[in-house]
Novice: 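Dumping the structure here so I can ask a few things about it.
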Amino acid sequence: MNLNVPISKEDVKKLKVGDIVYLTGNLCTGRDEAHLITIEEKKAPINLENGVIYHAGPIMKQENGIWKCVAIGPTTSARMNNIEEDFIKITNISAIVGKGGMNKELLRTFKELGVVYLAAPGGCAALLANCIKEVKNVYHLDLGMPEAFWELKVENFGPLIVAMDSHENSLYFEVEKKVQENLDSLKRKL
C-alpha cells in the first residue's frame with residue numbers, strides 16, 4: 001500500500017498489523033536528542049502535523065553544498081519509550097518508523113492520538129537511502145549527524161510493515177505471546 005505524507009488520522013485507522021506500506025512525501029529523522037529538544041522547546045523545528053518521524057541516525061555526505069544520504073537504517077525505537085508520548089502530543093505525528101517496536105503502554109497513546117508504528121527491515125540502510133530524493137534541510141546539526149533532525153523528501157520509502165497499529169495491536173506482542181505458548185507447551189512435554 002502506498003501512503004502519501006502527511007498521513008491523515010483516518011488513513012492511520014485503516015492500517016492493520018501486518019500491512020506493508022511505502023511512504024511518499026516528506027519525513028523527518030529524529031532520535032533521543034531530537035526528541036528531547038522538541039519536548040524542551042515544546043515544538044519541533046518543522047511542522048510534523050500528521051507527519052512521520054523516522055528513528056534513524058543517517059550517514060550523510062555533502063557534495064558541492066548539497067547533502068546526500070549514503071545510508072539510513074532504523075535505530076532501536078525502545079530508546080525513546082519514555083519520551084515518545086510527549087513527542088507525539090507536541091508534534092501530532094501520524095507515524096513512527098523504526099526497529100524493534102515500542103512498549104505496550106504506547107499502544108494506548110497510538111489509539112488515542114491516531115498513530116501507527118512502521119518497522120523498517122534490518123540491513124536495509126542502503127536500500128532506504130535510494131528512496132530519498134532530496135535532503136530538504138537539517139536542524140540541530142550541532143548535535144552530530146546521527147542526532148540531528150533531517151528533513152527528507154522520499155518516494156516509495158519502504159518496504160515498511162505495520163508492526164503496531166492504532167487499534168492496540170502489536171506484531172511484537174503477538175509473536176511474544178506465541179513464543180510463550182510454544183515454550184509452555186514444550187515445558188509440559190518435558
Side-chain angles (χ1 to χ4, degrees), residues 1-8 11-12 15 19-80 83-84 86-88 90-102 115-163:
M1 171 186 314
N2 293 313
L3 290 174
N4 290 319
V5 181
I7 306 168
S8 73
D11 284 343
V12 167
L15 296 171
D19 290 345
I20 305 293
V21 299
Y22 293 82
L23 303 176
T24 296
N26 294 333
L27 61 82
C28 191
T29 68
R31 298 182 353 164
D32 315 58
E33 293 299 321
H35 278 64
L36 290 170
I37 284 176
T38 298
I39 292 166
E40 182 180 301
E41 296 179 355
K42 303 221 182 309
K43 66 182 179 94
I46 60 169
N47 181 5
L48 289 171
E49 180 93 16
N50 294 329
V52 177
I53 192 75
Y54 181 23
H55 294 160
I59 298 171
M60 300 288 196
K61 69 178 178 178
Q62 208 170 25
E63 296 176 348
N64 301 320
I66 297 172
W67 286 102
K68 299 283 185 191
C69 185
V70 176
I72 189 162
T75 195
T76 303
S77 296
R79 294 177 11 211
M80 278 66 74
I83 53 179
E84 198 68 49
D86 290 338
F87 185 86
I88 293 168
I90 290 166
T91 60
N92 197 26
I93 57 172
S94 286
I96 299 163
V97 178
K99 74 174 179 182
M102 301 195 81
V115 177
V116 65
Y117 182 89
L118 307 172
C124 64
L127 171 73
L128 292 175
N130 289 333
C131 300
I132 297 171
K133 300 307 171 195
E134 178 186 358
V135 177
K136 296 184 74 163
N137 214 331
V138 59
Y139 306 90
H140 301 296
L141 190 54
D142 57 307
L143 297 172
M145 188 180 290
E147 290 293 342
F149 269 106
W150 292 92
E151 183 182 6
L152 310 169
K153 180 179 179 182
V154 300
E155 188 175 301
N156 296 319
F157 188 82
L160 307 170
I161 187 166
V162 176

Novice: Kindly indicate, with the supporting measurements, whether the criterion side-chain contact (heavy atoms from CB on, under 4.5 Å) is fulfilled by I72 and I132.
Specialist: CA-CA 9 Å; I72 189 162; I132 297 171; 3.8 Å; yes
Novice: Between E151 and V135, does the side-chain contact (heavy atoms from CB on, under 4.5 Å) criterion hold? Intermediate values first, please.
Specialist: CA-CA 6 Å; E151 183 182 6; V135 177; over 6 Å; no
Novice: Evaluate the side-chain contact (heavy atoms from CB on, under 4.5 Å) criterion for residues I46 and C28: first the C-alpha distance (whole Å), next the side-chain angles of each, then the deciding distance (0.1 Å), finally the verdict.
Specialist: CA-CA 9 Å; I46 60 169; C28 191; 3.9 Å; yes
Novice: Take the angle between the ring planes of Y54 and F157 and call it parallel below 30°, perpendicular above 60°, tilted in between.
Specialist: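 The arrangement is perpendicular - the two ring planes meet at more than 60°.
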Novice: Minimum heavy-atom separation for P159 and P121, please, with both atom names.
Specialist: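 Closest approach of P159 to P121: O-CD, 3.1 Å.
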Novice: Write down the atom of L127, the atom of G158, and the distance for their closest heavy-atom approach.
Specialist: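 Heavy atoms of L127 and G158 come nearest at CD2-O, 4.0 Å.
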Novice: With a 3.5 Å distance limit and no angle check, can you tell me whether Y117 reaches the backbone of K99 through a side-chain donor-acceptor pair?
Specialist: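 It does hold such a pair.
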Novice: Walk me through whether I37 and H140 qualify under side-chain contact (heavy atoms from CB on, under 4.5 Å).
Specialist: CA-CA 9 Å; I37 284 176; H140 301 296; 3.5 Å; yes
Novice: Just checking K133: does its NZ atom have more than 12 heavy atoms from other residues, nucleotides or ligands closer to it than 6.0 angstrom?
Specialist: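 Above 12, so yes.
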Novice: Would you say N26 and L152 make side-chain contact, with heavy atoms under 4.5 Å?
Specialist: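 No, side chains not in contact.
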Novice: Within a strict 4.5 Å, meaning less than it, do heavy atoms of the M102 and I96 side chains meet?
Specialist: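 Heavy-atom side-chain distance check passes, below 4.5 Å.
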Novice: If we check side chain to side chain contact (heavy atoms under 4.5 Å, CB included) with T38, which of these qualifies: I83, I53, I90?
Specialist: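 That would be I90; it is the only one of I83, I53, I90 passing the side chain to side chain contact (heavy atoms under 4.5 Å, CB included) with T38.
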Novice: Side chains of F87 and M80: closer than 4.5 Å at any heavy-atom pair?
Specialist: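 Of all side-chain heavy-atom pairs linking M80 with F87, none is under 4.5 Å.
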Novice: Check A125 against G73 and note the closest heavy-atom contact, atom names and distance.
Specialist: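 Closest approach of A125 to G73: CB-N, 3.3 Å.
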Novice: State, to 0.1 Å, how close I7 and L23 come at their nearest heavy-atom pair, and which atoms those are.
Specialist: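 For I7 versus L23, the nearest heavy atoms are CD1-CD2, 4.0 Å.
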Novice: May I ask you to decide if R79's main-chain N or O and T76's side chain share a donor-acceptor pair within less than 3.5 Å?
Specialist: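 Answer holds: no.
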Novice: Quick check: does any side chain N or O of T29 sit under 3.5 Å from a backbone N or O of F149, one acting as donor and the other as acceptor?
Specialist: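 Here the side-chain-to-backbone pair does not exist.
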Novice: Measure across P74 and G98 and return the closest heavy-atom pair with its distance rounded to 0.1 Å.
Specialist: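 The answer is CB-C, 3.7 Å.
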Novice: Between E63 and K61, does any side-chain N to carboxylate O distance fall below 4.0 Å?
Specialist: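 Yes, charged N to carboxylate O under 4.0 Å.
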Novice: Could you grab the distance from atom CG of L27 to atom CG of L48, nearest 0.5 Å is fine?
Specialist: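 Rounded to the nearest 0.5 Å, the CG-CG separation comes out at 10.0 Å.
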Novice: Mind checking whether V154 and T24 have side chains closer than 4.5 Å, heavy atoms only?
Specialist: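 No, too far: nothing below the 4.5 Å cut-off.
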Novice: So E155 and C131, do their side chains get closer than 4.5 Å, heavy atoms only?
Specialist: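 No, side chains not in contact.
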Novice: Could you tell me whether the side chain of W150 and the main chain of M145 form a donor-acceptor pair under 3.5 Å?
Specialist: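 At least one qualifying donor-acceptor pair exists.
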Novice: Check whether the side chains of H35 and E147 place a donor and an acceptor atom closer than 3.5 Å, and report yes or no.
Specialist: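 No, because no side-chain N or O of H35 sits under 3.5 Å from a partner of the opposite role on E147.
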Novice: Could you measure the distance from the CG atom of L118 to the CD1 atom of I20? Nearest 0.5 Å is fine.
Specialist: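 The CD1 atom of I20 is 10.0 Å from CG of L118, to the nearest 0.5 Å.
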Novice: Which is it for H55 and S77 under the side chain to side chain donor-acceptor pair (under 3.5 Å) test, yes or no, and what are the steps along the way?
Specialist: CA-CA 6 Å; H55 294 160; S77 296; 2.7 Å; yes
Novice: Using only atom types and a distance under 3.5 Å, with no angle test, would you say the side chain of S94 pairs donor to acceptor with the backbone of V115?
Specialist: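 Checked: no pair found.
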Novice: For A120 and V97, which heavy atoms make the closest approach, and how far apart are they?
Specialist: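 Closest approach of A120 to V97: CB-CG1, 4.1 Å.
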Novice: Considering only heavy atoms from C-beta outward, does the side chain of R31 approach that of P146 to under 4.5 Å?
Specialist: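 Yes, close enough: below the 4.5 Å cut-off.
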Novice: Does the side chain of L3 come within less than 4.5 Å of V21's, by heavy atoms?
Specialist: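 Yes, close enough: below the 4.5 Å cut-off.
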